[in-house]
Visitor: 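Following this message is one structure expressed as structure tokens.
Note that the coordinates shown come from a computational prediction; the quantities given were computed from them, not determined experimentally.
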Amino acid sequence: MVDHATFTVQPTYNIAAGPLVRLNGVRLETSGPTRPNWVAGLAPWSEGEVYDPDDVAELERRLLETGVFDGVGVALAPVDQTTPEGHRPIVVTLTDRPRRILEAGATFSTAEGSGVDLLWTWHNRFGRADTLVWQARAADIDSRLGADLSLPHWGRPGRTLRISGALLNEDTDAYRRTAVALAADLRQRLGKTSWFSYGIGLDAGRYDENRFDPVTQAPINFERDLVILTGRGSAYLDRSDDPLDPTTGWRLSGSAQPTVVGGQGSSAFVRAEAQATAYLPLQDNATTVLAGRVRLGSIIGGEELTVPSDRLFYSGGGGSVRGYEYQGVGPRLPDNTPRGGLSLFEAAVEIRRDVWRNFQAVAFLDAGAIGFQETPNFNNLRYGAGLGVRYRLPFGPIRADVAFPIDRREGDADFQIYVSIGQAF
């Protein structure tokens, strides 16, 4: 009598590929600049492993996310008598985007002025799905000449090396800055849209600053030449349902930048920021959505007068507190120069409601405060409120907002208008 029996069956058939298939590499079948050995290095399997359609889909996704191909085909090769029995390669076909793309654009904002941009993008210059962007911008606030090189899947899948350099001329109400800026960062993707990054930046330039001296309690003006070395660390966790038009979920981001300043006014400090956003559908099919945002910032170890003006915190504008001009939320010096601070608090709440076809109406309330100690304070909170409209396109909504400062101060505009792509947050 047999109490029990155990049977082991050796798999001989793969539902997706027929009889058991083992993979023996990647074969790039289209001509072009992309290097075959670079494509083979993206395969999420080792030679001889059993065929898995999920691995093939992952290779396709890794190639598509580089952004340099109009089309990617990844499929199991047909039976070939020249390969060992049961072994078949994966065939990759690539459709390249145009190798050179020239783009021009213009922007206008009542808060941040106007500007024109010229971008010349080179794709696949080094045969590894790289992107090199040459940029020229002439704008009221931020003009620059620069280049940005992006090398996807650097050393491992999902990691991107980005190297950038630029000549800058910034002319804001708070300061003027002419500088050379260099940076290198490594970004590692986590899932589809989340990531963390780390790197280093080096800036050298001249600052023309109107500042407030906390000791004498008086404004001062000075020019100084500075060299700034910055460590760069940041992370972004996205659990929302759409990058440009979220209706549910949440997002969390943070950054820390240890900084050493040399030159006229040496100092060392850490600049840290964190932001959280959340989205709650109030009706079926997300016809009405409640959205909220909170942002905190702090400069640790620095003093208001020695921290370079462009590293201080400012608030106001379409990406922070609507209803105020760029840098317009915090206190001002007697000559109307914005006073940057050592801490920041911002919050916003929106109600987004579908009203007709692709149109959406929005009502919002924003708040922000600049502080002069390391910990954010709420002594000088400013509020802005307004209405907006969104027009949904296949790639995301077009946003138009009109916002009004609450308890308007002397020097504040009656209203501000903002137009951009994507939701405000």
Visitor: Do the charged groups of E170 and R144 touch, with an N to O distance under 4.0 Å?
Guide: no
Visitor: First locate atom CG of L387, then atom CZ of R322, and finally report the distance between them rounded to the nearest 0.5 Å.
Guide: 10.5 Å
Visitor: Indicate yes or no: at least one non-hydrogen side-chain atom of D142 is less than 4.5 angstrom from one of R137.
Guide: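 When only atoms from C-beta onward are counted, R137 and D142 do touch, with a gap below 4.5 Å.
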Visitor: Can you tell me if D70 has over 12 outside heavy atoms packed within less than 6.0 Å of its CG?
Guide: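 It does: D70 CG has more than 12 such atoms within range.
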Visitor: Can a side-chain donor-acceptor contact be found between N124 and T34 if the only test is distance below 3.5 angstrom?
Guide: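 Yes.
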Visitor: Any chance you could lay out the salt bridge (charged side-chain N to carboxylate O under 4.0 Å, His left out) test for R177 and D208, step after step, and finish with the verdict?
Guide: CA-CA 6 Å; R177 172 185 177 229; D208 181 2; over 6 Å; no
Visitor: Please walk me through it: do E304 and R339 pass salt bridge (charged side-chain N to carboxylate O under 4.0 Å, His left out)?
Guide: CA-CA 10 Å; E304 181 186 344; R339 180 183 172 188; 2.8 Å; yes
Visitor: Find out whether D173 and E325 are in side-chain contact, i.e. whether some heavy atom of one side chain is under 4.5 Å from a heavy atom of the other.
Guide: yes
Visitor: Do other residues, nucleotides or ligands put more than 12 heavy atoms under 6.0 Å from N285 CG?
Guide: no
Visitor: When you check the side-chain N and O atoms of E29 and T93, is any donor under 3.5 Å from an acceptor?
Guide: no
Visitor: Could you label the plane-to-plane angle of the W38 and H153 rings as parallel, tilted or perpendicular, counting under 30° as parallel and over 60° as perpendicular?
Guide: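 Judged by the thresholds at 30° and 60°, the geometry between W38 and H153 is tilted.
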Visitor: Tell me, which pairs form a salt bridge (Lys or Arg N to Asp or Glu O under 4.0 Å) where one or both residues lie in residues 260-278, sequence neighbours left out?
Guide: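 Listed by first then second residue: R271-E273, E273-R295.
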Visitor: Do you see a donor-acceptor pair shorter than 3.5 Å between the side chains of S420 and R399?
Guide: yes
Visitor: Do V389 and Y391 have side-chain heavy atoms sitting under 4.5 Å apart?
Guide: no
Visitor: My understanding is that only residues two or more places apart in sequence, or in another chain, count here; which of them pass ring pair (Phe, Tyr, Trp, His ring centres under 6.0 Å) with W195?
Guide: Y236
Visitor: Within the 3.5 Å criterion, strictly below it, is a donor on D241 or T247 matched to an acceptor on the partner's side chain?
Guide: yes
Visitor: Let me see the working for S266 and V261 under side-chain contact (heavy atoms from CB on, under 4.5 Å), right down to the final yes or no.
Guide: CA-CA 5 Å; S266 300; V261 180; 5.8 Å; no
Visitor: Between D401 and R390 (salt bridge meaning N to carboxylate O under 4.0 Å), is one present in this structure?
Guide: yes
Visitor: Is it the case that R187 places NZ or CZ above or below the six-membered ring of Y198, under 6.0 angstrom from the centre and within 45 degrees of the axis?
Guide: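 Geometry flag: not set, cation outside 6.0 Å or 45°.
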Visitor: Cationic tip of R100 within the cone over W122's six-membered ring, i.e. under 6.0 Å and within 45° of the normal?
Guide: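 Yes.
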Visitor: Is it true that, when you exclude R311 itself, more than 12 heavy atoms of the residues, nucleotides or ligands shown sit nearer than 6.0 Å to its CZ?
Guide: yes
Visitor: Answer with yes or no whether the side chains of S234 and S197 bring together a donor and an acceptor at under 3.5 Å.
Guide: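 Yes, side-chain donor-acceptor contact under 3.5 Å.
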Visitor: How about F196 and R189: do any of their side-chain heavy atoms sit closer than 4.5 Å?
Guide: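 The answer is no; the side chains never approach within 4.5 Å.
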Visitor: Can R62 and E60 be counted as an ion pair, charged N to O under 4.0 angstrom?
Guide: no
Visitor: Just how far is it from atom CD of Q275 to atom CD of E346, taken to the nearest 0.5 Å?
Guide: 7.5 Å
Visitor: Throw together a table of side-chain donor-acceptor distances under 3.5 angstrom for residues 351-363, partners on residues two or more places apart or in other chains.
Guide:
from : atom 1 : to   : atom 2 : distance (Å)
R352 : NE     : E350 : OE1    : 2.7
R352 : NH2    : E350 : OE1    : 3.1
R352 : NH2    : F425 : O      : 2.9
R353 : NH1    : Q283 : OE1    : 2.3
R353 : NH1    : T288 : OG1    : 2.7
D354 : OD1    : Q360 : NE2    : 3.3
D354 : OD1    : R392 : NH1    : 2.8
D354 : OD1    : R392 : NH2    : 3.4
Q360 : OE1    : Q423 : NE2    : 3.0

Visitor: Within a strict 4.5 Å, meaning less than it, do heavy atoms of the F404 and D414 side chains meet?
Guide: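 No; the side chains remain at least 4.5 Å from each other.
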Visitor: Yes or no on salt bridge (charged side-chain N to carboxylate O under 4.0 Å, His left out) for R251 and D238, after CA distance, side-chain angles and deciding distance?
Guide: CA-CA 5 Å; R251 299 170 181 169; D238 186 358; 3.6 Å; yes
Visitor: Verify the distance criterion only: is there a donor paired with an acceptor across the side chains of Y207 and R224 at less than 3.5 Å?
Guide: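 Side-chain D/A pair, Y207 to R224: absent.
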